[in-house]
Amino acid sequence: MTICSCEETINEFEMLTRDAGRVQQDTLRKILEANADAEYLTRFGLDGRTDAESYKSCIPLCVHSDVEPFIQRVADGDSTPVLTGKPITSLSLSSGTTQGKPKFIPFSDELLEDTLQIFRTSYAFRNREYPIGKGKALQFVYGSKQVLTEGGILATTATTNLYRSQRFKEGMKDIQSQGCSPDEVIFGPDFHQSLYCHLLCGLIYSDEVHSVFSTFAHSIVHAFHTLEEVWEDLCADIRDGVLSEKVTAPSIREAVSKILRPNPELADSIYKKCVGLSNWYGVIPALWPKAKYVYGIMTGSMEPYLKKLRHYAGNLPLISADYGASEGWIGSNIDPTVPPEQATYAVLPHTGYFEFIPLEKPTGEETENSANVHYIESEPVGLTEVEVGKIYEVVLTNFAGLYRYRLGDLVKIASFHNSTPKLQFICRRSLVLSINIDKNTEKDLQLAVEEAAKLLEGEKLEIVDFTSYVEKSTDPSRYVVFWELSSEASDEVLSGCANALDLAFLDAGYMGSRKNKTIGPLELRILRKGTFKEIMVHFLSLGGAVSQFKTPRFVNPSNGKVLQILNQNVTQSYFSTAYGL
């Protein structure tokens, strides 16, 4: 992408955002015209109308469970226009879950084009501040298994759907975002081998690397934590031109061996630089001297990783990547010089039709954790009708068959760029447990506890109450579940319960992170009888009423008193061995 086409992209963005309201009406009309025959739209009596007023009066707001039966029909092979006019040929697996199962999300060519448009836009603004020439991006990107549904539809993660597309690869070349590693490394069968080879390929091309990228900040931190452990092996591979025996996957070995040549001079240089570092501070600019920035999603649940990421990045700027979900993209980061903690995302008004549900905190309900507030909702407003400083939930209509779909994300309107809002991501509305890419809701926790509780039935035991916590003082972080039981249970039974809990979280992000050990073994802590009563007494002492009391299913670190009560009453502790020690 030349500087000229960067300017063209910025000019196009300026034009689209000057009249975002009109662009939104046009986008909705195009979506509804293309999908006029879709059963989902006709059953609500839309009858081919394409104006916003008719659309909002006919089509209800929905969540995934409302559209899940329609998506399942597509997955099972129904080729009639269920959700879209054109047949859906790919599905994305969301990293979240519904009812404890991974969610299928429709994926389409239009979503791929939206992705490229979002990426092009943020790249154009980024390149204006931090211009990069020809070269490569050191990318820590991993494909996942692709499965065929019963109806022969390909289902995989949204990332894999993108990276397996030739169109996407060409688009990434246009924005100087070609990776160092061959596809065989991205789509390798073993995460650890892929990560090792990403580092190796990055070092082979170290004088060409202009940026470091992964989808999420935690993946970058994990990569450089791994570098601390394997750097001498990497040096040996480069010195001798022979790939380590620890890489056993034939596809990876063959692809990487093609670019690995003996280079003692480079190996010596890397060795000296690593030895000269103080506790690995600034390792990225030391080994990749032409790198201009580190790039990835750094907001929301990724913020805790920024301190360590800054340690590895030294003086390099950290730039938060764009805002989207498996369901579709929302906005681009057009202010790359702003620290990730203050990052905002300008909505591209032609990538979907957006509505925002205004959320008001009930009077007197102040809490650190926005996800746990029971907001008062008003009627959704349009993209250009939002107000600066107010909090909303995002509602998305896209080209792939989602109509007035509640994303469950809380955003704050930071400002406007022309007539499109710039959003600040606050949190997932219903999220309880999250360390990195894992997303487990209160419902998922409840289902996991119910599953593990089956092991107690034979012992005639009951769970009096339960809550959870994310233990981040250890590396890697882990889930902690607290149980108060009706009477004592054996160590054997409770060890089994810890394993059952760990295995009952079926979110793809959690399972993958447990397998590659970026999330530690779940810990089950057993509490003395009466602990939750003590928590209720604490609640009442703050002026609450018994009728209002709900056991918190997740204890925020800011809730120090409740954590203190829980930890003072722990009698036994059991770590899961479900994913190995």
Side-chain angles (χ1 to χ4, degrees), residues 1-17 114-141 171-179 209-221 282 284-285 288-300 302-303 305-307 309-324 329-349 351 411-418 420-425:
M1 199 176 195
T2 62
I3 290 173
C4 170
S5 59
C6 277
E7 288 307 317
E8 282 173 21
T9 301
I10 290 172
N11 290 339
E12 183 189 358
F13 172 78
E14 295 292 349
M15 185 183 70
L16 286 165
T17 57
D114 287 349
T115 304
L116 287 172
Q117 182 66 39
I118 290 267
F119 284 12
R120 270 198 297 268
T121 303
S122 56
Y123 171 79
F125 281 95
R126 208 160 62 243
N127 208 51
R128 200 155 70 170
E129 298 292 339
Y130 308 105
I132 55 175
K134 286 186 177 175
K136 296 179 185 293
L138 171 52
Q139 298 181 342
F140 298 101
V141 178
M172 293 298 274
K173 277 183 196 172
D174 288 344
I175 59 171
Q176 303 291 346
S177 295
Q178 230 179 325
V209 168
H210 53 51
S211 59
V212 175
F213 166 81
S214 188
T215 312
F216 294 103
H218 88 93
S219 299
I220 307 174
V221 170
I284 299 175
W288 291 276
K290 293 181 182 173
K292 296 281 186 77
Y293 50 78
V294 179
Y295 186 62
I297 294 171
M298 299 179 187
T299 49
M302 292 300 120
E303 277 193 34
Y305 300 94
L306 291 177
K307 184 179 177 185
L309 194 50
R310 285 195 171 101
H311 180 82
Y312 288 134
N315 58 353
L316 286 182
L318 303 184
I319 306 174
S320 192
D322 308 303
Y323 168 36
W329 289 96
I330 315 299
S332 280
N333 179 0
I334 62 168
D335 300 304
T337 58
V338 170
E341 292 89 343
Q342 280 94 52
T344 60
Y345 307 97
V347 180
L348 270 66
T351 57
V411 296
K412 189 175 189 176
I413 310 304
S415 60
F416 276 83
H417 182 93
N418 295 328
T420 201
K422 287 161 78 172
L423 316 177
Q424 192 169 13
F425 179 83

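One is the number of the first residue; the rest follow in order along the sequence.
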Give a yes or no on whether the backbone of Pro340 and the side-chain of Ser320 come within a donor-acceptor separation of less than 3.5 Å. no
Would you call Tyr293 and Arg126 a side-chain contact if the rule is heavy atoms closer than 4.5 Å? yes
I want to check something: taking the side chain as every heavy atom from C-beta on, are Tyr130 and Thr337 in contact at a cut-off of under 4.5 Å? yes
First locate atom CZ of Phe119, then atom OG1 of Thr121, and finally report the distance between them rounded to the nearest 0.5 Å. 11.0 Å
With heavy-atom distances below 4.5 Å as the criterion, would you say the side chains of Tyr123 and Ser332 are in contact? no
Donor-acceptor under 3.5 Å (Asp322 side chain, Asn333 main chain): yes
Parallel, tilted or perpendicular: which describes the rings of Phe13 and Phe125, with under 30° parallel and over 60° perpendicular? perpendicular
Test side-chain contact (heavy atoms from CB on, under 4.5 Å) applied to Val141 and Phe213, step by step: CA-CA 8 Å; Val141 178; Phe213 166 81; 3.9 Å; yes
So, taking the atom named CD1 in Ile284 and the one named CG in Leu138, what distance separates them when rounded to the nearest 0.5 Å? 8.0 Å
Can you name the nearest heavy-atom pair linking Gly179 to Lys136, along with the distance? O-CD, 4.0 Å
Looking at Thr17 and Thr420, what are the two nearest heavy atoms and their distance? CG2-CG2, 3.5 Å
To the nearest 0.5 Å, what is the distance between CG (Asn11) and CG (Leu16)? 11.0 Å
Consider only side-chain N and O atoms of Thr351 and Asp114, and report whether a donor and an acceptor are under 3.5 Å apart. no
Chi angles and distances behind the side-chain contact (heavy atoms from CB on, under 4.5 Å) call for Val212, Tyr295: CA-CA 6 Å; Val212 175; Tyr295 186 62; over 6 Å; no
Counting C-beta onward and ignoring hydrogens, is there a side-chain heavy-atom pair between Gln117 and Leu348 closer than 4.5 Å? yes
So, taking the atom named CG in Leu316 and the one named CZ in Arg310, what distance separates them when rounded to the nearest 0.5 Å? 12.5 Å
Treating Ser219 as the side-chain partner and Thr215 as the backbone partner, does any N or O pair qualify as donor plus acceptor under 3.5 Å? no
With sequence neighbours excluded, what pairs up with Tyr312 under the ring-ring contact (aromatic ring centres under 6.0 Å, His included) test? Phe224
Quick check: closest heavy atoms across Ala343 and Val338, and the distance to 0.1 Å? N-CG1, 4.1 Å
Does any part of the side chain of Leu306, heavy atoms only, come nearer than 4.5 Å to the side chain of Leu318, both counted from C-beta? yes
Closest contact, heavy atoms only, Pro285 versus Gly282: CD-O, 3.2 Å
Do Ser211 and Val294 touch side chain to side chain, with heavy atoms closer than 4.5 Å? no
Go through Val411 and Gln424 one step at a time and tell me if the side-chain contact (heavy atoms from CB on, under 4.5 Å) criterion holds. CA-CA 5 Å; Val411 296; Gln424 192 169 13; over 6 Å; no
Rounded to the nearest 0.5 Å, how far does CG of Asp335 lie from OH of Tyr345? 11.0 Å
With rounding to the nearest 0.5 angstrom, report the NZ to CD1 distance, Lys292 to Ile319. 11.0 Å
Are the side chain of Thr9 and the backbone of Ala124 linked by a donor-acceptor contact shorter than 3.5 Å? no
Would you indicate whether the side-chain heavy atoms of Met298 and Leu309 approach each other to under 4.5 Å? yes
Less than 4.5 Å apart, any side-chain heavy atom of His210 and any of Lys290? no
Evaluate the side-chain contact (heavy atoms from CB on, under 4.5 Å) criterion for residues His417 and Ile334: first the C-alpha distance (whole Å), next the side-chain angles of each, then the deciding distance (0.1 Å), finally the verdict. CA-CA 10 Å; His417 182 93; Ile334 62 168; 3.5 Å; yes
